[in-house]
Amino acid sequence: MLIAAIFVYAIAMTLANLSIVIFGVWVSPINAFLFIGLDLALRDWLQMQIKVWQMAVLIAVSGALTYALNQNAGMIAVASAASFMLAALADWAVFSKITGSWFKRANVSNFAGAAVDSVAFPTIAFGVLMPEIIAMQFVAKISGGLIWTYLLNKNMEQMNAPSSKN
């Protein structure tokens with residue numbers, strides 16, 4: 001499960017980055033819902049499985065993969081790696097302080113990660129503050145994160161449930 005989660009995380013980040021390069025900034029709310037919501041939920045699960053430095057390497061490798069697949073994605077890859085790193089730090093700071101179920105901790109910490117990422121990514125990538133994009137991304141990330149967190153939580157519950165043999 002861990003290796004699959006790492007690959008899914010890297011692929012989701014890379015697809016999000018490349019779609020921005022191909023379709024432009026206006027696809028970012030869709031990306032935010034589908035891919036970054038997944039990133040937020042998976043990152044919370046992964047941070048319970050791997051070390052902080054390993055998460056940092058995973059984020060950097062995903063940015064490098066984006067660049068390797070499309071050299072025109074240079075600034076997008078840099079912005080992605082920087083904003084994911086900043087968002088991961090904000091998310092981790094909140095996640096590690098919250099008590100309760102993983103589902104609760106993940107969704108509360110996603111607010112911090114989504115806020116930081118929503119401001120940092122478009123500002124770094126395009127060099128200008130875009131309030132409409134920031135707002136749309138934030139709402140989409142929180143919504144997508146909630147859905148992905150729910151699905152991951154259901155999957156974890158099923159994996160941890162005792163099996164019954166008839």
Side-chain angles (χ1 to χ4, degrees), residues 1-20 25-63 65-66 76-125 130-157 159:
M1 173 78 174
L2 177 61
I3 299 299
I6 289 170
F7 277 111
V8 168
Y9 182 90
I11 289 167
M13 281 183 58
T14 303
L15 289 174
N17 293 339
L18 290 175
S19 67
I20 294 285
V25 69
W26 292 104
V27 77
S28 63
I30 297 166
N31 276 349
F33 182 80
L34 293 175
F35 298 123
I36 311 308
L38 174 60
D39 163 73
L40 291 168
L42 256 178
R43 184 171 50 221
D44 288 328
W45 185 82
L46 283 169
Q47 78 181 18
M48 293 175 35
Q49 311 299 317
I50 63 178
K51 294 175 176 50
V52 173
W53 71 266
Q54 291 170 317
M55 194 69 215
V57 168
L58 178 56
I59 292 168
V61 166
S62 298
L65 181 59
T66 298
I76 299 296
V78 168
S80 174
S83 64
F84 276 129
M85 199 69 72
L86 292 170
L89 290 171
D91 187 284
W92 174 81
V94 173
F95 186 87
S96 63
K97 301 250 185 285
I98 301 285
T99 59
S101 69
W102 175 83
F103 184 79
K104 174 189 168 195
R105 294 170 67 202
N107 281 297
V108 171
S109 67
N110 283 352
F111 273 88
V116 169
D117 188 59
S118 295
V119 172
F121 176 75
T123 305
I124 296 169
M130 296 186 252
E132 302 87 11
I133 294 294
I134 291 168
M136 286 189 288
Q137 279 192 7
F138 180 74
V139 170
K141 287 172 189 174
I142 294 301
S143 302
L146 180 63
I147 291 169
W148 283 112
T149 303
Y150 173 78
L151 294 172
L152 284 171
N153 193 58
K154 280 297 228 192
N155 189 33
M156 287 188 290
E157 287 174 355
M159 287 180 15

Practice item. Assess whether side-chain contact (heavy atoms from CB on, under 4.5 Å) is satisfied between Leu58 and Leu46, documenting all intermediate values. Key: CA-CA 10 Å; Leu58 178 56; Leu46 283 169; 4.0 Å; yes

Exercise for review: Take Thr14 and Ile11 through the test side-chain contact (heavy atoms from CB on, under 4.5 Å) and record every step on the way to the result.
Suggested key: CA-CA 5 Å; Thr14 303; Ile11 289 167; 5.7 Å; no

Practice item. Start with the C-alpha gap between Phe33 and Trp148, add the side-chain angles, then the distance that decides, and say whether side-chain contact (heavy atoms from CB on, under 4.5 Å) holds. Key: CA-CA 9 Å; Phe33 182 80; Trp148 283 112; over 6 Å; no

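A donor-acceptor contact closer than 3.5 angstrom is absent between the side chains of Asp44 and Thr149.
Contact detail for Ile76 and Phe121: the closest heavy-atom pair is O-CE1, 3.8 Å. Considering every non-hydrogen atom in both Ala16 and Ser19, the closest pair reads O-OG, 3.0 Å. Of all heavy-atom pairs between Lys97 and Ala93, the closest is CG-O, 3.0 Å. Minimum heavy-atom separation, Ile142 to Asn110: CD1-O, 3.6 Å. Listed here is the closest heavy atom pair of Ser80 and Met13: OG-CE, 4.0 Å. Counting all heavy atoms, side chain and backbone alike, Ala88 lies closest to Arg43 at CB-CD, 3.5 Å.
Here the CG atom belonging to Leu40 is positioned 9.5 Å from the CG atom belonging to Asn107, to the nearest 0.5 angstrom. For the atom pair Asn17 CG and Asn31 CG, the distance stands at 8.0 Å (nearest 0.5 Å).
Residue Trp92 qualifies as open at atom CH2: its count of foreign heavy atoms under 6.0 Å is 12 or below. Atom CZ of Phe103 has more than 12 neighbouring heavy atoms from other residues, nucleotides or ligands inside a 6.0 Å radius.
The closest donor-acceptor contact from the side chain of Asn155 to the backbone of Leu151 lies at 3.5 Å or more, if one exists at all. Checked by atom type and distance alone, the side chain of Asp39 never pairs as donor or acceptor with a backbone atom of Phe35 at under 3.5 Å.
Considering Val116, Asp117, Thr123 in turn, Asp117 is the only one that fulfils the side chain to side chain contact (heavy atoms under 4.5 Å, CB included) rule with Ser83.
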Throw together a table of side-chain donor-acceptor distances under 3.5 angstrom for residues 47-55, partners on residues two or more places apart or in other chains.
from	atom 1	to	atom 2	distance (Å)
Gln54	OE1	Lys51	N	2.7

Contacts under 3.5 angstrom, residues 131-140 side chains, donor-acceptor by atom type, not counting sequence neighbours:
from	atom 1	to	atom 2	distance (Å)
Gln137	OE1	Lys141	NZ	3.0
Gln137	NE2	Ser28	OG	3.1

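At least one side-chain heavy atom of Leu2 sits less than 4.5 Å from a side-chain heavy atom of Trp45.
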